[in-house]
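See below for the structure under consideration.
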Amino acid sequence: MSETARNIPGATAPDPSRWRALVFIALAQLMVVLDATIVNIALPSAQQDLGISDGNRQWVVTAYALAFGGLLLFGGRVADLWGRKRAFVIGLGGFALASALGGAAQSGAMMFGSRALQGIFGALLAPAALSLLAVMFTDAKERAKAFGIYGAIAGGGGAVGLILGGFLTEYLDWRWTFFVNIPFAIVAAAGAYLVIREPEGGRNRSPLDIPGVILSTLGLVSLVYGFTRAESDGWGDSMTVGLFVASVVLLVAFVITEAKVKAPLLPLRVITDRNRGGVYLSLGLAIIAMFGTFLFLTYYLQVVKGFSPVKTGFAFLPMIAGMITGSTQIGARLMTRVPARVLMGPGFLVAAAGMFLLAQIELGSSYAALILPAMLLLGLGMGTAFMPAMALATHGVQPRDAGVASAMVNTSQQVGGAIGTALLNTIAASATTSYIKDHIATATSKSQSQLVQLQGQVHGYASAIWFAVGILVVASALALTLVNAGRPGAASVSGQDAGAEDELHVPVVAH
């Protein structure tokens with residue numbers, strides 16, 4: 001038995017069906033990643049058909065991201081308790097059912113509910129998939145190869161989603177961006193049921209931290225809903241203020257609870273480490289900046305520039321190309337040679353430079369001259385920063401906390417995405433309203449009035465993107481200040497071998 005195998009509970013010898021199992025696990029991962037981007041392209045069409053207001057449209061993205069992020073740690077614990085194979089198959093079935101509800105949605109409320117359900121089952125599915133790879137691939141070299149394939153799908157699947165979403169929306173209907181998940185889920189679930197043989201003895205029988213799950217989820221929902229309410233009712237509205245106060249109280253109660261319970265959902269020692277805390281904070285802020293910008297760019301290209309859904313999908317490819325280049329050609333090559341902050345800090349600043357360019361958008365801005373170089377810079381900077389951040393997320397953790405530390409990165413990404421979409425959408429809508437109020441009096445005809453409306457929308461997007469620039473600068477400063485560890489790729493997790501470390505560097509979700 002290899003040294004790696006001895007470090008994995010329940011592992012005895014390599015599973016003979018492991019490579020076949022990888023096909024179905026990777027298929028499930030592709031489905032989750034596709035869903036993150038495919039819906040963005042379909043959103044303008046879905047909003048129009050279902051009569052969703054501009055203020056509420058971000059809930060199509062936020063409901064999914066919040067449910068996913070809020071329950072990701074809990075989903076990992078449930079998989080440990082139930083068994084990873086069972087959690088994986090149940091997660092796939094639930095995700096397919098939720099996708100069918102989304103495709104059949106007749107109202108905004110039904111759409112939001114289906115997206116939240118997708119997030120709930122995704123939070124069960126994603127950690128179960130990652131755990132299955134860890135227990136089935138016991139040889140370090142094989143495991144590195146398996147997680148490399150898994151990681152490539154996580155990174156490249158977003159590009160496939162953008163293009164596939166465009167084709168489905170333009171040539172069929174936006175509803176097919178949901179229905180397409182069903183065959184993926186059926187094939188993956190059937191294959192997993194027949195092929196996967198989970199080793200015995202790897203379950204964690206510790207009691208579930210139910211108070212921690214309830215407090216963290218309610219606290220995050222209150223926080224995001226507070227940002228959403230601020231758009232329609234103002235920052236001084238009593239309900240808005242009440243939601244923010246409630247979120248603080250609930251999240252503080254969560255921290256106190258985690259400090260006292262025997263089997264916490266999130267052991268506080270994981271997040272109080274200087275380097276890991278710096279990674280979680282800076283990464284969460286970067287995602288806040290990115291997610292809102294994705295939404296604005298989709299609407300700018302389709303509504304303002306008149307791009308078709310397919311053309312919009314292809315228009316995002318430079319950003320994906322920049323991310324892959326930054327991650328594989330810069331981050332991966334340099335992270336064993338220089339300290340993480342040397343890549344993270346400048347990486348976030350390069351992304352901020354891309355955002356700075358995007359903040360210059362106007363009604364007649366050129367895609368080739370402004371948006372394309374901005375997307376390249378944004379992708380390049382984020383890709384360069386993300387690779388060492390993922391590696392450092394498990395730096396120095398105890399073996400029993402390694403999985404939680406890895407999941408925490410994905411939680412910060414999902415919650416950051418939910419907050420970013422809500423916050424930046426609120427800022428954009430407020431700026432648009434103010435612009436139209438100040439300029440509508442000068443419109444003397446219907447066409448001029450429509451022009452002012454469009455100019456107001458673009459002004460709102462630009463205003464929100466300026467905030468995103470500032471957020472990325474803060475993320476860079478936090479990375480340079482807090483992260484003081486050496487080369488993340490050169491040191492292994494305490495008590496684990498290099499192969500196990502490779503496993504933990506792979507993100508569960510890549511948006």
Side-chain angles (χ1 to χ4, degrees), residues 40-41 43-45 47-48 52-62 227-237 240 285 288-307 311-312 315-316 319 351-375 377-378 417 419-474:
N40 277 343
I41 299 297
L43 189 51
S45 302
Q47 179 186 359
Q48 187 175 3
I52 300 172
S53 68
D54 284 351
N56 285 332
R57 72 187 176 199
Q58 47 92 10
W59 277 104
V60 176
V61 176
T62 300
F227 284 120
T228 306
R229 285 273 309 189
E231 176 190 346
S232 56
D233 299 275
W235 294 94
D237 174 68
T240 303
L285 285 171
I288 286 175
M290 280 186 67
F291 262 58
T293 305
F294 286 168
L295 189 65
F296 301 141
L297 276 177
T298 299
Y299 273 84
Y300 177 78
L301 293 172
Q302 289 195 44
V303 177
V304 178
K305 302 299 285 185
F307 281 24
K311 191 175 180 181
T312 302
F316 273 97
M319 182 158 55
M355 285 286 191
F356 175 82
L357 284 181
L358 282 180
Q360 317 304 315
I361 60 169
E362 297 175 348
L363 212 56
S365 293
S366 164
Y367 173 81
L370 180 70
I371 298 171
L372 189 150
M375 282 187 171
L377 284 173
L378 184 58
I419 293 173
T421 305
L423 173 62
L424 296 185
N425 194 62
T426 300
I427 293 168
S430 299
T432 295
T433 302
S434 298
Y435 183 93
I436 293 173
K437 184 179 178 181
D438 293 342
H439 294 82
I440 197 68
T442 61
T444 57
S445 65
K446 186 177 179 180
S447 61
Q448 286 185 333
S449 178
Q450 291 174 338
L451 181 63
V452 170
Q453 297 276 351
L454 278 177
Q455 288 172 334
Q457 282 187 38
V458 176
H459 174 74
Y461 300 156
S463 299
I465 292 171
W466 272 114
F467 273 85
V469 173
I471 290 170
L472 282 172
V473 171
V474 172

Between atom NE2 of His439 and atom CD of Gln448, what is the distance when rounded to the nearest 0.5 Å?
13.0 Å
Hey, is the main chain of His459 close enough, under 3.5 Å, to the side chain of Ser463 for a donor-acceptor pair?
yes
Please report the closest heavy-atom contact between Gly460 and Ala431, naming both atoms and the distance.
CA-CB, 3.9 Å
Evaluate side chain to side chain contact (heavy atoms under 4.5 Å, CB included) for Leu301 paired with Phe316, printing each intermediate quantity in order.
CA-CA 10 Å; Leu301 293 172; Phe316 273 97; 4.3 Å; yes
Search all heavy atoms of Val452 against all heavy atoms of Tyr435 and return the closest pair with its distance.
O-CE2, 4.0 Å
Which distance, rounded to the nearest 0.5 Å, do you find between the CG of Leu424 and the CZ of Phe467?
9.0 Å
Please name the pair of heavy atoms, one in Ala289 and one in Ile471, separated by the smallest distance, quoted to 0.1 Å.
CB-CG2, 4.1 Å
Pair Arg57, Tyr299 - check side chain to side chain contact (heavy atoms under 4.5 Å, CB included), show working.
CA-CA 11 Å; Arg57 72 187 176 199; Tyr299 273 84; 3.4 Å; yes
Once rounded to the nearest 0.5 Å, what's the spacing between atom CD1 of Ile465 and atom CG of Leu297?
6.0 Å
Using 0.5 Å steps for rounding, measure from the NZ atom of Lys311 to the NZ atom of Lys305.
9.0 Å
Side chain to side chain contact (heavy atoms under 4.5 Å, CB included) for Phe296 and Asn425? Distances and angles first, verdict last.
CA-CA 8 Å; Phe296 301 141; Asn425 194 62; 4.2 Å; yes
Just by distance, with hydrogens left out, do Gln47 and Asn56 show a side-chain donor and acceptor under 3.5 Å apart?
no
If you compare all heavy atoms of Val473 against all heavy atoms of Ala352, which two are closest, and at what distance to 0.1 Å?
CG2-CB, 4.2 Å
Rounded to the nearest 0.5 Å, what separation is found between the CD atom of Gln453 and the OG1 atom of Thr432?
9.5 Å
In Å, rounded to the nearest 0.5 Å, how long is the span from CG of Asp438 to OG1 of Thr433?
10.5 Å
As a quick check of understanding, evaluate side chain to side chain contact (heavy atoms under 4.5 Å, CB included) for Ile52 and Val60, giving each step before the final call.
CA-CA 10 Å; Ile52 300 172; Val60 176; 4.2 Å; yes
Only distances under 3.5 Å count here; give the side-chain donor-acceptor pairs of residues 354-374 to other protein atoms, sequence neighbours excluded, each with its distance to 0.1 Å.
from: Gln360; atom 1: NE2; to: Phe356; atom 2: O; distance (Å): 2.8
from: Ser365; atom 1: OG; to: Glu362; atom 2: N; distance (Å): 2.6
from: Ser365; atom 1: OG; to: Glu362; atom 2: O; distance (Å): 3.3
from: Ser366; atom 1: OG; to: Ala368; atom 2: N; distance (Å): 3.3
from: Ser366; atom 1: OG; to: Ala369; atom 2: N; distance (Å): 3.1
from: Tyr367; atom 1: OH; to: Ala315; atom 2: O; distance (Å): 2.6

